[in-house]
Structures are given as C-alpha cells and as structure tokens.
S.K.: 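Sharing a structure, written as structure tokens. Questions coming.
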Amino acid sequence: MPSKTSNYTLRPFVEAPLSTSDEKPIELESIDLSLYKEGPENLSTRKGLADKIEKSLSTYGFISVINHGFEAEKLEHLKSVAQSLLGVPVEEQKRYLAGALKSDLEDRSRSIGAERGSGYKPKGYWSMRNGVEDSITHYNFNHMNHSRFFDTEVNHYPEVAKDHLLEIAEFYRFLHTDTLRKLCDLTDLVLELPEGFIYENFYSVQDGDLDGSGGGAGRFMLYDAMPPEDQKKVENTWLRGHSDSGGFTFITSQPILSLQIRDYYTGEWNYVGHTPNGLIVNIGDAMEFITGGYFKSSIHRVVSPPDDQKNYRRLVLIYFSKPKESAILDPEPLRSPKLKRLGYNKPDEWEKIDFAAWNKMKSSLFGRKVVNDTNTEEPKLVLLHGRLHERWHQAEANFSLQEALKKFDVITLES
C-alpha cells in the first residue's frame, strides 16, 4: 500500500462510454467459467464448454470469458494502479526501462528488448508504417508465478509497482493457475486428450525453475491518440496487425471500440465488443503450432476509436501465457487422436524448434523498421525456422511457404 510520503496518487480510471456509432462488433463465443466444475460427474458440462470453444479457436482464434471468478472491485483497483504506473513522467520512466528507447537501438545479442523485458516501453519505441512511431506506453512484469517476483533487491521496480506487488501477482497468478488451467482442460477435451495433459506438460509451474516452468508476462498498456498527421499516415491504426507468440493471451475487455480481429477467411477487420468484467482470450502462435495449425493465431490490431470515444484513452491489463521454454512447437508430442483423424500433422518445411527459439525471434520483429516500415498495413514476411512469423495469407487457396516465397518479399533476419 502507498505510504504517506508516496510520490503518486491512485484514482479511478475513467472508461469511455459505450459508442453509439454504427459499427457492429463481432459476437465472440462466450464461455461462462462459472459452469466449469471438477469431477467425473460434471464431465458432460465441461464437454459442452469444450464444444463451444472449438469452432472459435479453430477459425478466428478468439473467445470471450465471463464469470471467471476474479472480483470486479479488485480489477478496478488494478486499473488505478496501472494508470498511476503508466503516468510516471518519461524522465522517471527511463530509470526503469525494459530495453532501449527504440527497438532498432536494441543489441539483441544482449537484450530481450522492451517487448519481453521487465519495465517500461516508452512511446515511440516501435516503428509502424510510413515513418510513423507508436504512441503507446506499457510496463511489463515477468516471473510473477515465482517467489522471486517479490524480491525488490533483484527486481528494480518503480515505487507504485513495488507498493502493489501483492495485488499484481494475485491477478496474474489467478489467470495462470485458474483461468488458463480450465481453458487448457477444455482444450484437452477438444483434442481428445486426458484432462490436465496440456497444462501439466506445457504450463505447470515449479517455483524457481524458470526454464522448466510454464509462465507468462503481465502487461499494463496505455494507448494515447497519435498526432493527426501521423494517424493519417497509418490510416487510424494505433497498433498494427500482428499475432501473439505465446500460448493463450488474456485481455481485459474494454468499452472503447478499438480492438479488431482480421477474419481468417475473408481478410476483413471486425471490431470486438465489450463485456463488463470479462476477458478477451486469443490463441498465440505456440498453440497454433502445437496443434499443427488446427487452432488459429489470428491477426489482430488496435485502431482509433469512433468520434464519440476519441477523447478517451485505452487502458488494458494483459497476460501473455507462455509454454515451457523447452516445449516443442509441433503436434507430434500431443499424440492427439483428434488431430490425427483430421490430418493435422507437422508440415515438412517446419524445422523442429522449441518455444524459446520461436519467442526470441518473433518478439523482436514487431518494431524493426526493416520489417514494419512499409506503405501498407501488412509488414514484410519473415521466415523463421521454416515458418512465417505472421500468417496473413494462410487461408488463401493453395497457400504454402513455396507460394509465399514466389508472391511476397519474404526475408530472413539474424538474431
């Protein structure tokens, strides 16, 4: 808790009112986790939930989770903490940077960068398109599932973060050990695996064993409007289209109409609507690869909201769950009867890689000018270990790596 001499104040974050614009958000499949109950006597109910998520995860990769069990009052308090933490003056932020001031200034042989490092990513770190840089501030938390998270000597935390580590850890640990575990069990049922298989083999945590544990990164993320001339150059895009590198991503639902999903089949962008105290959950690359492409790590982006919300900021609390570093990102280790029956196997061009290898390279590409500074919304495609870092065209007829190499400017980067 803050002391009497604290250099900050906590105040409620003011959310935007719901927009009255004509935009019609997509209706995500809603998963009511209050219906999830343990035990063989409740198996049929869990199978019903699994059936609900299967179509979503195998097509556009997003679901809405309601009644997850984390108290709304605690979540609102965390938004106040996040607002204060992200409101720290830029000169003060520089004492707690997660990486360099800009992505292209990172020495990637020594730094994991502001995408993955603990601390602040300041505005202007990422290159977007047409020479524009982002207007986003975020703060990353790592290792919150381990006791070392509370070691304030090892971890260099700003005052507001240090004062609220217990509440921060409580939220992210709840998402990992409760919400994620339940979704993994439902995923097991989809793939016809024993319940507990995916969580135990990919996401379980042993305190202190960072490489041998599943884990995740927590992020407080604040979007400010861009200067009008920059916003025009990026066609009102605040965060360009991308997929996530990890397992499941959890995002606090927002009334501000900004998050969009790119339809896997048509390429059209659809807004995501708001569910109070709900979570938007999407599949990341790791789960797409682990299921041989059955689950879809879809492209999503953040755009400028409608005019009746343009004077409000977008604040989100995010949890990027990650498999164990040594997890092989292929379907073979699962031995899923469902995937085998549907014909989802490891493509010949995929090199055998673990999550650490994929995450290191994928995470570093988002803000690099050589990849992202194009004159379209789509970045250049990058080939990593026989796999494209983003898959904007995979639903097209006859799309393959060979076709991509013929049609697009596919590049390879050194780490």
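Basis for what follows: all heavy atoms, side chains included, without hydrogens, waters or symmetry-related copies.
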S.K.: Who passes side-chain hydrogen bond (donor to acceptor under 3.5 Å, both in side chains) against Lys338, sequence neighbours left out?
M.R.: Glu54
S.K.: Quick one: list whatever passes side chain to side chain contact (heavy atoms under 4.5 Å, CB included) with Asn140, sequence neighbours left out.
M.R.: His138, Arg219
S.K.: Locate the shortest heavy-atom distance separating Gly117 from Asn142; write the atom from each residue and the value.
M.R.: C-ND2, 3.8 Å
S.K.: Does a sphere of radius 6.0 Å around CD in Glu41 hold more than 12 heavy atoms from other residues, nucleotides or ligands, not counting ones at 6.0 Å or beyond?
M.R.: yes
S.K.: Could you walk me through whether Asn345 and Leu339 satisfy the side chain to side chain contact (heavy atoms under 4.5 Å, CB included) test, starting with their C-alpha distance in whole Å, then the side-chain angles of each, then the deciding distance to 0.1 Å, before giving a yes or no?
M.R.: CA-CA 7 Å; Asn345 302 304; Leu339 295 180; over 6 Å; no
S.K.: Give me the atom names and distance for the closest heavy-atom approach of Met287 to Thr291.
M.R.: O-OG1, 2.8 Å
S.K.: Do the two ring centres, one from Phe355 and one from Phe202, sit under 6.0 Å apart?
M.R.: no
S.K.: Looking at Gln206, I want to see if its CD is surrounded by more than 12 non-hydrogen atoms of other residues, nucleotides or ligands under 6.0 Å.
M.R.: no
S.K.: Does the pair Tyr36 and Asp185 meet the rule for a side-chain hydrogen bond (donor to acceptor under 3.5 Å, both in side chains), with working shown?
M.R.: CA-CA 10 Å; Tyr36 181 104; Asp185 286 355; 2.8 Å; yes
S.K.: Would Asp285 and Ser297 count as having a side-chain donor-acceptor pair, cut-off 3.5 Å?
M.R.: yes
S.K.: Do we see a donor-acceptor contact under 3.5 Å between the side chains of Lys324 and Ser204?
M.R.: yes
S.K.: Between Glu377 and Lys233, is a salt bridge (charged side-chain N to carboxylate O under 4.0 Å, His left out) present by the stated rule, with each step listed?
M.R.: CA-CA 10 Å; Glu377 66 178 0; Lys233 290 179 182 178; over 6 Å; no
S.K.: Scan side-chain atoms only and decide if Tyr223 and Asp134 contain a donor-acceptor pair under the 3.5 Å cut-off.
M.R.: no
S.K.: Can you tell if the side chain of Val371 reaches within under 4.5 Å of the side chain of Leu381, non-hydrogen atoms only?
M.R.: no
S.K.: With a 4.5 Å heavy-atom cut-off, do Leu317 and Leu78 have their side chains touching?
M.R.: yes
S.K.: Would Lys121 pass as a cation-pi partner of Trp126, given that its NZ or CZ must be under 6.0 Å from the six-membered ring centre and within 45 degrees of the axis?
M.R.: yes
S.K.: Just by distance, no angles: are the side chains of Ser243 and Lys362 close enough, under 3.5 Å, to form a donor-acceptor pair?
M.R.: yes
S.K.: Check Arg313 with Asp224, please: is the shortest side-chain N to carboxylate O separation under 4.0 Å?
M.R.: yes
S.K.: Once salt bridge (Lys or Arg N to Asp or Glu O under 4.0 Å) is applied, what residue pairs with a partner in residues 136-154 remain, sequence neighbours excluded?
M.R.: none
S.K.: A quick test of your reading: do over 12 heavy atoms of other residues, nucleotides or ligands sit less than 6.0 Å from CG of Asp348?
M.R.: no
S.K.: Can the ring centroids of Tyr139 and Phe141 be said to lie less than 6.0 angstrom from one another?
M.R.: yes
S.K.: Would you check if the side chain of Lys182 reaches a backbone N or O of Lys37 as a donor-acceptor pair within less than 3.5 Å?
M.R.: no
S.K.: Only counting residues at least two apart or in another chain, list the ones meeting side chain to side chain contact (heavy atoms under 4.5 Å, CB included) with Ser304.
M.R.: Gln231, Asn236, Trp238
S.K.: Salt bridge (Lys or Arg N to Asp or Glu O under 4.0 Å) with Arg46: which residues, sequence neighbours excluded?
M.R.: Glu195
S.K.: Are Thr179 and Leu33 close enough that some pair of their side-chain heavy atoms sits under 4.5 Å apart?
M.R.: yes
S.K.: How many angstroms lie between atom CG of Leu101 and atom CD of Gln93, to the nearest 0.5 angstrom?
M.R.: 10.0 Å
S.K.: Could you check whether Ser213 and Asp209, counting side-chain N and O atoms only, form a donor-acceptor pair closer than 3.5 Å?
M.R.: no
S.K.: Does Lys79 use its side chain to pair, donor to acceptor, with the backbone of Phe13 at less than 3.5 Å?
M.R.: no
S.K.: What residues, two or more places apart in sequence or in another chain, satisfy side chain to side chain contact (heavy atoms under 4.5 Å, CB included) together with Ala100?
M.R.: Leu105, Glu106
S.K.: Do Val382 and Val410 come within less than 4.5 Å of each other through their side chains, counting heavy atoms only?
M.R.: no
S.K.: Taking salt bridge (Lys or Arg N to Asp or Glu O under 4.0 Å) as the definition, give me every residue that meets it alongside Glu351, ordered by chain and number, with sequence neighbours left out.
M.R.: none
S.K.: Decide whether His274 and Ser253 meet the rule of one side-chain donor and one side-chain acceptor closer than 3.5 Å.
M.R.: yes
S.K.: Whether Glu170 and Lys74 form a salt bridge (side-chain N of Lys/Arg under 4.0 Å from carboxylate O of Asp/Glu) is what I want to check.
M.R.: yes
S.K.: Using a strict cut-off of less than 4.0 Å between a Lys/Arg side-chain nitrogen and an Asp/Glu carboxylate oxygen, indicate whether Glu235 and Arg129 qualify as a salt bridge.
M.R.: yes
S.K.: Just to verify, what does Glu378 make a salt bridge (Lys or Arg N to Asp or Glu O under 4.0 Å) with, not counting sequence neighbours?
M.R.: none
S.K.: Does the pair Ile299 and Trp269 meet the rule for a side chain to side chain contact (heavy atoms under 4.5 Å, CB included), with working shown?
M.R.: CA-CA 9 Å; Ile299 305 292; Trp269 292 101; 3.7 Å; yes
S.K.: Flag the pair Phe70 / Phe171 as yes when their ring centroid distance falls below 6.0 Å, and as no otherwise.
M.R.: yes
S.K.: Report the relative orientation of the aromatic rings in Phe250 and Phe248; use parallel for angles under 30°, tilted for 30 to 60°, perpendicular for over 60°.
M.R.: tilted
S.K.: Sequence neighbours left out, what pairs pass ring pair (Phe, Tyr, Trp, His ring centres under 6.0 Å) with at least one residue falling in residues 333-354?
M.R.: Phe289-Trp350, Tyr294-Tyr344
S.K.: Taking the side chain as every heavy atom from C-beta outward, state whether Phe149 and Tyr157 have any pair of such atoms under 4.5 Å apart.
M.R.: yes
S.K.: Do the non-hydrogen side-chain atoms of Phe197 and Arg335 ever get within less than 4.5 Å of each other?
M.R.: no
S.K.: Would you call Glu349-Arg387 a salt bridge at under 4.0 Å N-O?
M.R.: no
S.K.: Between Gln260 and His300, is any side-chain donor less than 3.5 angstrom from a side-chain acceptor?
M.R.: no
S.K.: Checking Glu92 now: which residues fulfil side-chain hydrogen bond (donor to acceptor under 3.5 Å, both in side chains) with it, not counting sequence neighbours?
M.R.: Arg95
S.K.: Taking NZ in Lys369 as the centre, count heavy atoms belonging to other residues, nucleotides or ligands within less than 6.0 Å. Is the count above 12?
M.R.: no
S.K.: Could you list the residues that satisfy side-chain hydrogen bond (donor to acceptor under 3.5 Å, both in side chains) with Ser80, not counting sequence neighbours?
M.R.: none
S.K.: Who pairs with His176 by side-chain hydrogen bond (donor to acceptor under 3.5 Å, both in side chains), at least two apart in sequence or on another chain?
M.R.: Tyr319
